[in-house]
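Let me begin by presenting the structure, written as structure tokens, before commenting on it.
Every number for a ligand or one of its atoms is a count from 1 in the order of the listing. Being a predicted model, the structure only gives us computed values, none of them experimental.
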Amino acid sequence: MNTTGAAVREPSLLLEPAVHARGTVTLPGSKSISNRALLLAALAEGETELEGLLDSDDTRVMRDALRTLGLDLRQDNPGRVSLAGAAEWPRKQAELFLGNAGTAFRPLTAALAVMGGDYHLSGVPRMHERPIGDLVQALRGLGCEIAYAGQEGYPPLRIGLGPLDAQRPVRVRGSVSSQFLTALLMAAPIAARRSGHDVVIELDGPLISKPYILITLNLMERFGVRVGREGWERFVIPADARYRAPGHYRIEGDASSASYFLGLGAIAGGPVRIEGVGGDSIQGDVAFAEVVEAMGAQVEREAGALVVRGRAVADGERLRAFDRDFNLIPDAAMTAAVLALYADGPCRLRNIASWRVKETDRIAAMHAELARLGARVESDADSLTVHPLQAADWRAAEIRTYDDHRMAMCFSLAAFGPVPVTILDPGCVSKTYPDYFVDFRRLLAAG
Ligand SMILES: O=C(O)C1=C[C@@H](OP(=O)(O)O)[C@@H](O)[C@H](O)C1
Ligand SMILES: C=C(OP(=O)(O)O)C(=O)O
């Protein structure tokens, strides 16, 4: 800690060439589930105890926002939070800073807009470059009052008090981010209660990242609201829908974070045992296990755990190349792009346009940093092709991470080439996994 109390971020982390890795890692809580559970507990009648909550930047901004809004949130230890919720929150006027957390910004926008009040929501500069127009347009269709406080279509936002009108279906686009539909779904019971009508949400065009909608529906059901559904086109939230505290809710480990250890086991022999997510996970990213299996690893799926055994790429073994659509698992997909360095042919990641509007432009960032290691890379609007590296082609490199936690985490897997790799600003992992490099290096040391 420095004198201002803020943690000092190391400028860089040097990873010497590694050969094997093995051992057990216990995952931090799921970011997607943690922020949904916090919001739903805050909206539910009664007290909820959340266990296994992620303690990181993204959940801290959500917890801080809920406290600022007057909710009684008690934290016994970093992973356990008790929260008494209500359909109307005490503070009707607030300034909220939500960092770069999409899972806080989008759902809070919708919840506050349907409650109505006088709110200002902002984030880090990158958050102000991440689109939110499709959600604002949908909320305006419900009668909410929202204004852009900066650039049209982007945060920061100012929310007022509009007369809600849920008599007509509300249409939302899902082609830029699924978080807009998630945000509307979670806010819909509040809109139903205020307007006295069923809320009908219709999808306007294609929907990306579908498994995240299933997480949303699953959590809403755990908090007492069952959403009527016609495929991916139409969702109905009944007028009498009310969130009710489930009492106790246990959050599973983060499946996107599991992807780094699935990748590690696949290239470093293993076995790597990953505790916190397993065959029974509700997170779509658990399907990354199928990606490493297709590349030649073996994965055992238990309830609440995965065990991966793989090849030893540092000893010259190769993974199988892939050409794959990653639309359903955009976050874990970044891990596959780095694994491609060890493949037996070019690897293509398709249908990943959403990468352009996340923590950074991830297609551009991934292209630049894989190329820095010596790889030949091709990219276009929505795909990336990575040509594997032969031993003689690797270049020792300093990897820029663009304040993107996943850039830092997935490039740790570049440590199995013949040259040292330096990760710049490794502390950016604090967005979702503050102890990532401690856990990663422990598995390497045991190898
Ligand atoms: O709803 C969620 O929890 C998330 C949805 C995904 O975003 P998009 O729907 O924007 O792809 C994902 O990338 C993000 O990390 C978390
Ligand atoms: C896209 C991500 O985050 P966010 O929840 O801010 O959208 C991510 O964690 O990869």
Side-chain angles (χ1 to χ4, degrees), residues 28-40 54 56-62 98-110 123-124 126-135 155 172-186 203 206-220 232 251-252 254-260 281-285 287-288 326-335 337 351-363 365-366 382 401-410 428-434 436:
S30 156
K31 168 199 75 170
S32 293
I33 300 177
S34 293
N35 271 351
R36 282 168 173 77
L38 281 167
L39 181 68
L40 297 184
L54 172 64
S56 76
D57 293 349
D58 276 15
T59 55
R60 182 176 39 76
V61 293
M62 181 63 119
L98 299 169
N100 197 6
T103 55
F105 207 106
R106 280 84 180 249
L108 275 172
T109 294
V124 299
R126 174 62 184 171
M127 181 50 95
H128 297 177
E129 295 172 354
R130 298 181 65 187
I132 198 159
D134 293 337
L135 177 60
V172 64
R173 282 160 43 90
S175 56
V176 171
S177 171
S178 69
Q179 291 177 7
F180 305 148
L181 175 57
T182 278
L184 270 185
L185 284 165
M186 290 199 290
L203 200 68
L207 173 66
I208 64 163
S209 305
K210 288 189 179 111
Y212 289 98
I213 302 302
L214 299 180
I215 301 179
T216 303
L217 297 175
N218 185 303
L219 267 278
M220 286 175 69
W232 296 104
I251 292 158
E252 55 180 78
D254 193 292
S256 313
S257 298
S259 75
Y260 311 111
S281 174
I282 64 167
Q283 298 167 75
D285 270 9
F288 192 73
F326 280 98
N327 194 271
L328 300 181
I329 55 167
D331 293 358
M334 292 174 75
T335 311
N351 210 355
I352 51 168
S354 72
W355 277 21
R356 298 246 181 231
V357 291
K358 300 206 187 250
E359 281 77 336
T360 185
D361 176 341
R362 287 175 168 170
I363 293 187
M366 194 56 89
D382 70 347
T401 48
Y402 308 82
D403 204 16
D404 182 346
H405 55 142
R406 296 200 196 284
M407 286 296 289
M409 293 191 280
C410 68
C428 67
V429 297
S430 63
K431 187 173 192 280
T432 55
Y433 196 161
Y436 176 73

Item to complete: Please identify which atoms of ligand 2 are closer than 4.0 Å to at least one heavy atom of A101.
Response: 6 (O)
Worksheet item: Do any nitrogen or oxygen atoms of R36 come within less than 3.5 Å of a nitrogen or oxygen of ligand 1?
Response: yes
Worksheet item: Does an N or O from S209, backbone or side chain, lie closer than 3.5 Å to an N or O of ligand 1?
Response: yes
Discussion item. Under a 3.5 Å distance rule, please check whether R106 uses its side chain to pair with a backbone N or O of L181 as donor and acceptor.
Written reply: no
Fill in: Heavy atom of the protein closest to atom 10 (O) of ligand 1 (residue, atom name, distance)
S177 OG, 2.7 Å
Fill in: K31 neighbourhood, listing ligand 2 atoms whose heavy-atom distance to it stays under 4.0 Å
2 (C), 3 (O), 4 (P), 5 (O), 8 (C), 9 (O)
Practice prompt. Using the test salt bridge (charged side-chain N to carboxylate O under 4.0 Å, His left out), find all partners of E359 that sit at least two apart in sequence or belong to another chain.
Written response: R362, K431
Item to complete: For S32, take its heavy atoms, then give the atoms of ligand 1 lying under 4.0 Å from any of them.
Response: 2 (C), 3 (O), 16 (C)
Worksheet item: Between atom CZ of F180 and atom CZ of R173, what is the distance when rounded to the nearest 0.5 Å?
Response: 9.5 Å
Worksheet item: In the protein, what heavy atom is nearest to atom 7 (O) of ligand 2, and what distance, to one decimal place, separates them?
Response: R130 NH2, 2.7 Å
Item to complete: Looking only at protein heavy atoms, identify the closest one to atom 10 (O) of ligand 2 and say how far it is in Å.
Response: R406 NE, 2.6 Å
Worksheet item: Which of the atoms in ligand 2, numbered in the order shown and given with their element, are less than 4.0 Å from a heavy-atom of K431?
Response: 3 (O), 4 (P), 6 (O)
Discussion item. Test of understanding: given a 4.0 Å heavy-atom threshold, classify the contact between R362 and ligand 2 as side chain, backbone, both, or neither.
Written reply: side chain
Worksheet, complete the sentence: The atoms of ligand 2 lying under 4.0 Å from a heavy atom of N100, numbered in the order shown, are 6 (O)
Worksheet item: ligand 2 and H405, any nitrogen or oxygen pair closer than 3.5 angstrom?
Response: yes
Worksheet item: Donor-acceptor pair, N35 side chain versus D58 backbone, under 3.5 Å?
Response: yes
Discussion item. One thing to verify: whether R406 and D331 come together as a salt bridge, which I'm taking to mean a side-chain N less than 4.0 angstrom from a carboxylate O.
Written reply: yes
Discussion item. Rounded at 0.5 Å granularity, tell me how far CE in M334 sits from OG in S259.
Written reply: 9.5 Å
Worksheet entry | Between D57 and S430, a side-chain donor and acceptor under 3.5 Å | yes
Discussion item. For a quick test of reading the model, state the closest non-hydrogen atom pair linking L219 to R36 and the distance between them.
Written reply: CG-CB, 4.2 Å
Worksheet item: Where is the nearest protein heavy atom to atom 2 (C) of ligand 1: which residue, which atom, and how far?
Response: Y212 CD2, 3.3 Å
Item to complete: Would you mind running through ligand 1 and noting each atom that sits below 4.0 Å from a heavy atom of K31?
Response: 14 (C), 15 (O), 16 (C)
Worksheet item: Under 4.5 Å between any side-chain heavy atoms of K31 and S56, yes or no?
Response: no
Worksheet item: Any donor and acceptor pair, going by atom type alone, linking the side chain of S209 with main-chain N or O of Y212 inside 3.5 Å?
Response: no
Worksheet entry | Spacing of M220 atom CE and M186 atom CE [to the nearest 0.5 Å] | 8.0 Å
Worksheet, complete the sentence: Closest to atom 1 (C) of ligand 2 among protein heavy atoms sits E359 OE1, 3.2 Å
Discussion item. If we ignore hydrogens and angles and just use 3.5 Å, is the side chain of T182 paired with the main-chain N or O of T216 as donor and acceptor?
Written reply: no
Discussion item. If we set the cut-off at 4.0 Å for heavy atoms, which region of T103 has an atom near ligand 2: side chain, backbone, both, or neither?
Written reply: both
Response to the item:
atom 7 (O) of ligand 1 has as its nearest protein heavy atom K358 NZ, 3.2 Å
Practice prompt. Among all protein heavy atoms, pick the one closest to atom 15 (O) of ligand 1 and tell me residue, atom and distance.
Written response: D331 OD2, 2.5 Å
Practice prompt. May I ask you to identify, for S178, whether its side chain, its backbone, both or neither come under 4.0 Å of ligand 1 on a heavy-atom basis?
Written response: both
